[in-house]
A.B. asks: 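For reference, the structure I am asking about is given below.
So that the names make sense, note that chain A is the first sequence line, chain B the second, and so on, each numbered from 1.
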4 protein chains.
Amino acid sequence: MHIKIDNLSDRPVYQQIIDQIKRDIALGRLAVGDKIPPVRQLALDIVINPNTIAKAYRQLEQDGVINTRAGSGTFVAEIQNTLNNESRKVLVCNQLELAVVDAVHTQVAQKELTNWFSEIAGRYYGRSNKI
Amino acid sequence: MHIKIDNLSDRPVYQQIIDQIKRDIALGRLAVGDKIPPVRQLALDIVINPNTIAKAYRQLEQDGVINTRAGSGTFVAEIQNTLNNESRKVLVCNQLELAVVDAVHTQVAQKELTNWFSEIAGRYYGRSNKI
Amino acid sequence: MHIKIDNLSDRPVYQQIIDQIKRDIALGRLAVGDKIPPVRQLALDIVINPNTIAKAYRQLEQDGVINTRAGSGTFVAEIQNTLNNESRKVLVCNQLELAVVDAVHTQVAQKELTNWFSEIAGRYYGRSNKI
Amino acid sequence: MHIKIDNLSDRPVYQQIIDQIKRDIALGRLAVGDKIPPVRQLALDIVINPNTIAKAYRQLEQDGVINTRAGSGTFVAEIQNTLNNESRKVLVCNQLELAVVDAVHTQVAQKELTNWFSEIAGRYYGRSNKI
DNA sequence: GTGGTCTAGACCACC
DNA sequence: GTGGTCTAGACCACA
């Protein structure tokens, strides 16, 4: 598992870790049941305090993305949606909207934006972990 | 201008103000040259500490979204992209990717996600402020 | 708000804080919208590291029991059940069952156990915050 | 003896074993003098590290719930209360209180909670191992 | 002044 | 060796 922290980003370190693990799972790079690196090992790898890694894992666990079993390790959980249709639409659409607003403000043409979207969606959906 | 603050959101208040002003501009609800409310007035309207409003305006000004003319007020600036092609692609695609990852993790079907995207993009691009 | 930590308990400190705040809310001692003590102040009061208090508050926030607004403070949220009927039955009954098993193993008579239960339930339900 | 471990539970494995053995005794499924499986056999049955089983047995033995007779095996002991009245009241009532607080916070009506309690108490007390 | 993030490091519980 | 808890303390973001 390759995690890269951008210290210049305004996104907190623990959030970057969460983002990347969720991304790897969504991309199918991490499969259900896979073991993810122990807190201490990942901390050494990316030169981050173990508590920060633990915080990311804790949040992922709480979101149902991973299962941590004290003493044995941390594992990728099955993707399961706990939100109702309305909530997940709000969640996803809000984020889409932020992207579109930024596109308009940086004068990205609609056609280009749509191409980007299609390319990204294809990367995530054109895989084994179909829905 | 209607700004609504969600105190339960994890997004900070000043950021919600920025989001909504940029959104209104992108939607064409606010046009170039329109006056936006003075800090003190908006602070009274939405019952928020004036410092918080001022912080939002300061950042919008720095992003070139609004212009403050001392003595006369604050006005919507012309949209102008200051980023190069690569930077704005990174900016927009990162946000799109976050949206897609969340869609996958909440088991939104690709088709539905695409519909949502099209609907939102249409709302922002099918307007006077064409690019 | 009076919080007492039992250092001999096997229940972690942060969990004891959670228990007692939830208890005070359930008893009506804390009402919706009430401000609860700032992290640092409570830390001084009960002589506990602020991070431990923060951890308790974080979990309460995530459980929807309180709302924390960075910069302004932490407030009691409205009680709202997010679980379905089945989940909350499992949650509550598992705890009841642990209590009953312990009662049997310490040879508490059924009648006495029932009295205790009624007395406690009365304390929590015989109040303004009726359901 | 049927023991089921829930790896997703936040309750540690050794504690789940203790819970279930005490529950089976309280329910009368295990009677005084019954032999419980050797550590190694149970470890194979439920696919758990033998050390974990041993830890559970050790604690049960210490609580006077089972007796280990070297060479012949491990047996269910007679239920005997070693606590004084005050201690066992505190023990049981604390657990009841946790259950009631959670009931209030998940908006379980008092009547429903009482029904659940009665049903569970009936299951444990309406049996041969009367007190 | 409020809570949030991150670091550093000790100690414990669990498997 | 695994994750969890707790402490101590610096620094930042927010209102």
A.B. asks: Provide the start and end nucleotides, 5' to 3', of the part of DNA chain F that has atoms under 4.0 Å from heavy atoms of chain B.
C.D. replies: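 Result: F:dC14 to F:dA15.
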
A.B. asks: If you measure from CZ on A:Arg69 to NZ on A:Lys35, what distance do you get to the nearest 0.5 Å?
C.D. replies: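 NZ of A:Lys35 is found 10.0 Å from CZ of A:Arg69.
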
A.B. asks: How would you label the contact of A:Asn51 with the nucleic acid (heavy atoms, under 4.0 Å): base, sugar-phosphate, or nothing?
C.D. replies: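 Since a base atom lies under 4.0 Å of A:Asn51, the category is base.
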
A.B. asks: Heavy-atom nearest nucleotide on DNA chain E for A:Val47 versus D:Thr52: which residue maps closer to 5'?
C.D. replies: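 Nearest-nucleotide comparison on DNA chain E picks A:Val47.
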
A.B. asks: Pick the nucleotide of DNA chain F nearest each of C:Ile48 and A:Lys35; which residue has the one closer to the 5' end?
C.D. replies: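 Per heavy-atom nearest nucleotide, the more 5' residue is A:Lys35.
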
A.B. asks: Taking for each residue the nucleotide of DNA chain F with the nearest heavy atom, is it C:Arg40 or A:Val39 whose nucleotide lies nearer the 5' end?
C.D. replies: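 Result: A:Val39.
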
A.B. asks: Using a 3.5 Å distance criterion without hydrogens, assess whether the side chain of C:Gln80 forms a donor-acceptor pair with backbone atoms of C:Gly64.
C.D. replies: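 Checked: no pair found.
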
A.B. asks: Counting only non-hydrogen atoms, which of residues 8-22 of chain B are less than 4.0 Å from DNA chain F?
C.D. replies: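 Contacting residues: B:Pro12, B:Val13, B:Tyr14.
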
A.B. asks: Determine whether a donor-acceptor pair (N or O, by modelled atom type, separation under 3.5 Å) exists between the side chain of B:Glu61 and the backbone of B:Thr68.
C.D. replies: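 A pair under 3.5 Å: yes.
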
A.B. asks: Could you check whether any side-chain N or O of D:Asp63 sits under 3.5 Å from a backbone N or O of D:Val65, counting only pairs where one atom can act as donor and the other as acceptor?
C.D. replies: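 Judged by distance alone, no pair lies under 3.5 Å.
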
A.B. asks: Can you tell me the distance, in whole Å, between the CG atom of D:Asn49 and the C1' atom of E:dA13?
C.D. replies: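 D:Asn49 atom CG is separated from E:dA13 atom C1' by 14 Å.
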
A.B. asks: Any donor-acceptor pair under 3.5 Å linking the side chain of C:Glu78 with the backbone of C:Val32?
C.D. replies: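 Not a single qualifying donor-acceptor pair exists.
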
A.B. asks: Before accepting this row, confirm whether a basic side-chain N of the pair D:Asp102/C:Arg88 lies closer than 4.0 Å to the acidic partner's carboxylate O.
C.D. replies: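 Salt bridge flag = no for C:Arg88 with D:Asp102.
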
A.B. asks: Can you tell me the Watson-Crick or wobble partner of E:dC14, both distances under 3.5 angstrom?
C.D. replies: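 Pairing partner, where one exists within any strand: F:dG1.
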
A.B. asks: Is there a side-chain contact between B:Val76 and B:Ile21 (heavy atoms, below 4.5 Å)?
C.D. replies: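 No, their side chains stay 4.5 Å or more apart.
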
A.B. asks: How is A:Arg58 classified with respect to the nucleic acid when contacts are heavy atoms under 4.0 Å: base, sugar-phosphate, or nothing?
C.D. replies: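 Contact class for A:Arg58: none.
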
